[in-house]
Amino acid sequence: MLDAFSRAVIGADSKGSFVGGDELDSLKAFIADGNKRLDAVNFIASNASCIVTDAVSGICCESPGLTSPGGGVYNTRKMAACLRDGEIILRYICYALAAGDASVLKDRCLNGLKETYAALGVPTGNTARAVGIMKAAAVAFVGNTASKRKMNVTEDPAACKSLVAEAASYFDLVTSAIS
Ligand SMILES: CCC1=C(C)/C(=C/C2=NC(=C\c3[nH]c(/C=C4\NC(=O)[C@H](C)[C@H]4CC)c(C)c3CCC(=O)O)/C(CCC(=O)O)=C2C)NC1=O
């Protein structure tokens with residue numbers, strides 16, 4: 001598992017050079033944005049159950065077959081597993097956003113997930129759609145554009161553009177890993 005710091009060290013070591021130049025610049029930016037990053041993680045984490053349940057109820061409304069006999073979330077055991085998976089995925093995305101690096105998400109959450117879903121018959125198209133709904137919600141929280149849950153922040157929301165893009169990229173990683 002890497003983070004922005006260990007990634008810079010590994011990058012420098014692979015070139016046999018001191019940590020400097022581009023690596024130091026990217027670490028400076030990582031540190032300068034630290035509070036924004038932690039606020040973003042906290043904003044997603046403190047709304048996690050809302051984000052997850054909204055996404056899962058969204059896919060159930062869009063695809064009524066899911067809750068019909070034989071459907072992906074037919075019966076309480078499967079519904080509970082689905083809600084739990086949504087929460088696991090969002091939690092690992094929060095770890096990646098905190099670390100500024102996707103390796104924890106890739107290694108500990110996404111590695112083998114596609115095969116697990118195939119073996120269990122979990123519908124990945126619906127899962128990807130749920131991830132997409134979570135992405136829209138999380139991105140709105142990070143950019144502070146969630147209309148009913150605005151935070152009082154001094155920063156101009158435009159200053160969070162790169163964090164918004166970074167958070168979005170972690171959701172995209174999940175979608176491509178299971179598709
Ligand atoms: C390390 C991190 C980690 C991940 C990522 C993880 C995923 C994971 N999801 C599972 C099952 C499952 N996942 C789902 C999810 C869904 N079904 C749907 O139709 C929806 C589209 C979707 C929710 C969005 C369901 C229903 C099951 C149970 C499938 C079954 O047993 O029939 C299972 C099989 C074991 C179990 O049922 O607990 C694993 C391992 N477990 C972990 O420990």
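Whatever order the structure lists ligands and atoms in, that order sets their numbers, starting from 1. On a predicted model such as this, the values are computed, not experimentally measured, just so you know. Residue indices begin at 1 and follow the sequence shown.
Close approach of ligand 1 to Y117 is summarised as follows: ligand atoms under 4.0 Å from at least one heavy atom of the residue are 9 (N), 13 (N). Atoms of ligand 1 found under 4.0 Å from any heavy atom of L120, numbered from 1 in the order shown, are 10 (C), 11 (C), 33 (C), 34 (C). Taking every non-hydrogen atom of I59 and a distance limit under 4.0 Å, the qualifying atoms of ligand 1 come out as 21 (C). Near N126, meaning under 4.0 Å from any of its heavy atoms, are these atoms of ligand 1: 21 (C).
Across all their heavy atoms, C94 and V41 have their closest contact at O-CG2, 3.9 Å. Of all heavy-atom pairs between V104 and Y92, the closest is O-CD2, 3.8 Å. Listed here is the closest heavy atom pair of T67 and C60: CG2-SG, 3.9 Å.
Residues D172 and K135 are in side-chain contact: their nearest non-hydrogen atoms beyond the backbone lie under 4.5 Å apart. Side-chain contact between Y95 and D101: absent, with no pair of heavy atoms (C-beta onward) separated by less than 4.5 Å.
Protein heavy atom nearest atom 18 (C) of ligand 1, with residue, atom name and distance: V73 CG1, 3.6 Å. Closest to atom 40 (C) of ligand 1, if we only count protein heavy atoms, is T116 CG2, 3.9 Å. Looking from atom 42 (C) of ligand 1 to the surrounding protein, the closest heavy atom is I88 CD1, 3.8 Å. When hydrogens are left out, the protein atom nearest atom 21 (C) of ligand 1 is T127 OG1, 3.4 Å; that is the closest non-hydrogen contact. Protein heavy atom closest to atom 23 (C) of ligand 1, with residue, atom name and distance, is C82 SG, 1.9 Å.
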Next item on the list: Show your working on ring pair (Phe, Tyr, Trp, His ring centres under 6.0 Å) between F5 and F30 and close with a plain yes or no.
Entry: CA-CA 9 Å; F5 290 90; F30 183 77; 5.6 Å; yes

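The shortest N or O to N or O distance between D85 and ligand 1 is under 3.5 Å.
Within a 4.0 Å radius of atom 33 (C) of ligand 1, the protein contributes one or more non-hydrogen atoms.
Contact analysis leaves G86 out of contact with ligand 1, as no non-hydrogen atom separation drops below 4.0 angstrom. For the ligand labelled ligand 1, residue R77 lies inside the 4.0 Å heavy-atom shell. Heavy atoms of R84 approach ligand 1 to within less than 4.0 angstrom.
When heavy-atom distances to ligand 1 are checked against a 4.0 Å cut-off, L113 comes that close only through its side chain, counted from C-beta outward. If you look at L83 next to ligand 1, there are no close heavy atoms at all, none under 4.0 Å. At a heavy-atom distance under 4.0 Å, no atom of L110 approaches ligand 1.
If you chain together ILVMFWY residues whose side-chain heavy atoms come under 4.5 Å of each other, L38 ends up in a group of its own.
Atom 27 (C) of ligand 1 has its nearest heavy-atom neighbour, among P123, A130, A81, in A81. Closest heavy-atom approach to atom 17 (N) of ligand 1 among the candidates V122, I89, N75, L66: V122. For atom 1 (C) of ligand 1, the nearest non-hydrogen atom from the set M79, R108, R129, K78 belongs to R108.
Atom CG of D22 has 12 or fewer neighbouring heavy atoms from other residues, nucleotides or ligands inside a 6.0 Å radius.
Within the 3.5 Å criterion, the main-chain N or O of D13 finds no donor-acceptor partner in the side chain of S17. A donor-acceptor distance shorter than 3.5 angstrom exists from the side chain of N75 to the backbone of K78, with no hydrogens or angles considered.
Checked options V164, I44, T145; the residue passing with V139 is V164 (criterion: side chain to side chain contact (heavy atoms under 4.5 Å, CB included)).
K28 pairs by the salt bridge (charged side-chain N to carboxylate O under 4.0 Å, His left out) definition with nothing, not counting sequence neighbours.
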